[in-house]
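Notes follow once the structure below has been shown.
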Amino acid sequence: DQLFGGSIDDDMLEELEEVLLVSDVGVTTTERILTPVREAMRNGNVDPASLRHVMKTTMSEMLMEVDAPMASPDDHKPLVLLVVGVNGSGKTTSIGKIAARYVRDGKSVILGAADTYRAAAADQLAVWAERAGATLVRHKEGADPGAVVYEALEKGIHTGADVVIIDTAGRLQTVRPLMEQLSKINRVIRKLVPDGPHETLLVVDGTMGQNALSQARSFHEATPLTGVVVTKLDGTAKGGMVLAISSDMAKPIKFIGIGEQIDDLRPFDPQAFLDALV
Amino acid sequence: VLSRGFKNATMKLRGQTRLTEENLKPALREVRTSLIQADVDISVIKDFLARVKEKSLGEIVRVKSPTGQMVKVTPEDHFIKACYDEMAEMMGPEDVGLDVDGNPGIIMMVGLQGSGKTTTTGKLAKMLLEQGKKPLLVAADIYRPAAVDQLMVLGRRLDVPVFSIKGMKPVDLSKMAVAQARSVGRDVVIIDTAGRLAIDNALMDELVQIKGTVHPDEVLFVCDAMIGQDAVRTAKEFDRRLDFTGFVLTKLDGDARGGAALSIRQVTGKPVKFLGQGEELDKLEEFRAEGLAQRILG
Ligand SMILES: Nc1nc2c(ncn2[C@@H]2O[C@H](COP(=O)(O)OP(=O)(O)OP(=O)(O)O)[C@@H](O)[C@H]2O)c(=O)[nH]1
Ligand SMILES: Nc1nc2c(ncn2[C@@H]2O[C@H](COP(=O)(O)OP(=O)(O)OP(=O)(O)O)[C@@H](O)[C@H]2O)c(=O)[nH]1
Ligand SMILES: [Mg+2]
Ligand SMILES: [Mg+2]
């Protein structure tokens, strides 16, 4: 790079660094990933292919260390999933997809439309409930989200449902009262299901940049996260910021969204993800 | 208020008597890190740093001191000023306005999934109402579950009509809506389209078709302020296909730095027209370069 000048080694590192940065891996995580690469170079390894392999192995370890399967409906009845995230990240759509998987496996699913704020949010979830073969619990717009959660769980317990998935309104971590509302929803769940929610999934837009980590941290403070769903990876974005969330917060990525249709959900495959990234 | 990155940059220059290639290097490096964290496109950062370097090595600015004398600015302050000036310059013009003087004026909203098009459609309608206009909204997203319902709710809230015909394709819908607007005296038509990937050829063709059919006065690219390095890839393709007239950056009430504003402006040459500052329909602001420049630089 002309601006900072340097040796062949510097150029090679600069190149690897750029590959990571344009994939939204971010400065801190890129540094963390390139440290073993620098070490390898210091030990005389200058083969670009081999150095790239060192880089990929480091990234793979970051993801594998925290890999964990979803909690199972066989262990909890009902299995309670709380889905959270910023506006437009893909929560409602992902819930439709996840519900469809459970129904396909013969499980009964209840969806709680706890987004009582955004225009036609419950109508949107209603369409997904129908497509997936799940039951919907909804109140009218403006109702208390906690009340919807309560009713959905009560119904789940009462009817012996296998899974209850709670959809929440999109919110930005900078809006204090909305983050507190999330904590309240968590408390409502624990009242009826003491060891719940069994999964609290942060849905992250795959096109998102460096705000992802502070976002994840804030949401985690409001309601302890158990995993991440990364959406919109069918686009051109690489989703590199999930490496920061994984390595910094030790949260596993459970699913990725690869489209807008009901089947466009895949369990997270670290190797495939890294192959697409670098 | 300088961000840590920017503070670090200027710290490197403290006590220097003048700016040189050598002492600028670490300062530029710090600014680079700060801009990466602000989600500015990597190539745009390179371009920005090259310009700042040139400006910094240029003539040292003199300003009037409190006692009225002309004094040299410190190298540190000269560097800061070079950064802000270059950023504001690259961010482009303010008050570009909205061209809605057609009969009817037509605005087409486009962008990636979930970027805030439908909400911004509502916000623009509210703004136009306050300017004495009579907007008509077109529910041209026939794909997303309850997208039409969503726009209908917004229309009801504002007491603005929403044009929608079940089963009709977006191109025909838009054409009919414009004809309808003319016949009932609505003077601005805002077409809310479905979110789509820039690489989805069929759906991008649909947008090209809509544009070719109704010839909008404005095509607004709506972009989420939290977007990362994908901003340029996406904006470039939308611009190549549609030659949009401007863009809107949404969700700026969050704490994402919004570097996409600089990247998209720089790469497409198109102006930032509006900023979305919240979910409510009154949360739309006209673009102001200084505020956004400060936010991006930190
Ligand atoms: N291409 C693509 N689009 C997606 C994916 N997941 C969701 N979307 C789209 O993203 C948009 C937003 O999805 P929603 O499910 O409404 O997002 P949300 O997080 O519930 O939004 P709010 O409730 O408004 O915060 C919709 O147009 C979805 O179809 C994905 O994996 N790929
Ligand atoms: N906080 C905040 N939220 C916003 C802003 N603009 C839109 N939103 C929210 O972002 C989410 C997505 O907004 P939509 O208007 O549905 O986005 P869209 O582009 O029409 O989505 P698709 O039609 O699915 O592509 C909703 O929850 C909106 O309330 C904004 O400026 N600030
Ligand atoms: Mg939703
Ligand atoms: Mg929409």
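Residue numbers start from 1 in every chain, and the chains themselves are labelled A, B, ... in the order their sequence lines are given, proteins ahead of strands.
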Region of [X] in contact with chain A, defined by heavy-atom distances below 4.5 Å:
X        : result
B:Leu112 : side chain
B:Ile199 : side chain
B:Thr234 : side chain

Check each atom of [X] against the heavy atoms of chain B and say whether the ones under 4.5 Å are side chain, backbone, both or neither.
X        : answer
A:Ser214 : side chain
A:Arg131 : side chain
A:Glu130 : neither

What do you reckon, is CG of B:Asn201 surrounded by more than 12 foreign heavy atoms closer than 6.0 Å?
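For B:Asn201, atom CG is crowded (more than 12 foreign heavy atoms under 6.0 Å).
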Cut-off 3.5 Å, side chains only: do B:Asp230 and A:Thr207 have a donor facing an acceptor?
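There is no such pair between these side chains.
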Under 3.5 Å, is there a donor on one side chain and an acceptor on the other for B:Gln150 and A:Gln124?
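Distance-only check fails for B:Gln150 and A:Gln124.
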Tell me, out of A:Ala126, A:Gly206, A:Ala120, who's got the most heavy-atom pairs with chain B below 4.5 Å.
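Of the candidates given, the most pairs with chain B belong to A:Ala120.
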Taking it one step at a time, do A:Glu18 and B:Arg32 satisfy salt bridge (Lys or Arg N to Asp or Glu O under 4.0 Å)?
CA-CA 12 Å; A:Glu18 188 149 321; B:Arg32 175 183 184 258; 5.3 Å; no
Shortest non-hydrogen contact between A:Ala119 and B:Leu154, atoms and distance
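Of all heavy-atom pairs spanning A:Ala119 and B:Leu154, the closest is CB-CD2, 4.2 Å.
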For the student: nearest non-hydrogen atoms of B:Lys251 and A:Asn87, plus distance:
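Nearest heavy atoms, B:Lys251 then A:Asn87: NZ-O, 2.9 Å.
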As an exercise, state the distance from [atom1] of [X] to [atom2] of [Y], rounded to the nearest 0.5 Å.
X        : Y        : atom1 : atom2 : value
B:Glu237 : A:Thr236 : CD    : OG1   : 9.5 Å
A:Arg118 : B:Glu279 : CZ    : CD    : 8.5 Å
B:Asp253 : A:Thr174 : CG    : OG1   : 5.5 Å

Student check: side-chain heavy atoms of A:Leu21 and B:Gln229 closer than 4.5 Å:
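Side chain of A:Leu21 against side chain of B:Gln229, heavy atoms only: no contact under 4.5 Å found.
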Give the intermediate values and the outcome of side-chain contact (heavy atoms from CB on, under 4.5 Å) for residues B:Gln113 and A:Asp205.
CA-CA 10 Å; B:Gln113 290 89 347; A:Asp205 188 322; over 6 Å; no
List the steps, then state whether side-chain contact (heavy atoms from CB on, under 4.5 Å) holds for A:Gln173 with B:Asp255.
CA-CA 8 Å; A:Gln173 65 268 32; B:Asp255 56 13; 3.2 Å; yes
side-chain contact (heavy atoms from CB on, under 4.5 Å) for B:Met226 and A:Gln215? Distances and angles first, verdict last.
CA-CA 10 Å; B:Met226 298 178 258; A:Gln215 193 180 101; 3.5 Å; yes
Pick out which of A:Asp24, A:Val27, A:Val22 makes a side-chain contact (heavy atoms from CB on, under 4.5 Å) with B:Ile36.
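Option passing the side-chain contact (heavy atoms from CB on, under 4.5 Å) with B:Ile36: A:Val27.
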For chain A, which of B:Thr250, B:Thr33, B:Asp39 has the most heavy-atom pairs under 4.5 Å?
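Answer, by heavy-atom pair count under 4.5 Å with chain A: B:Asp39.
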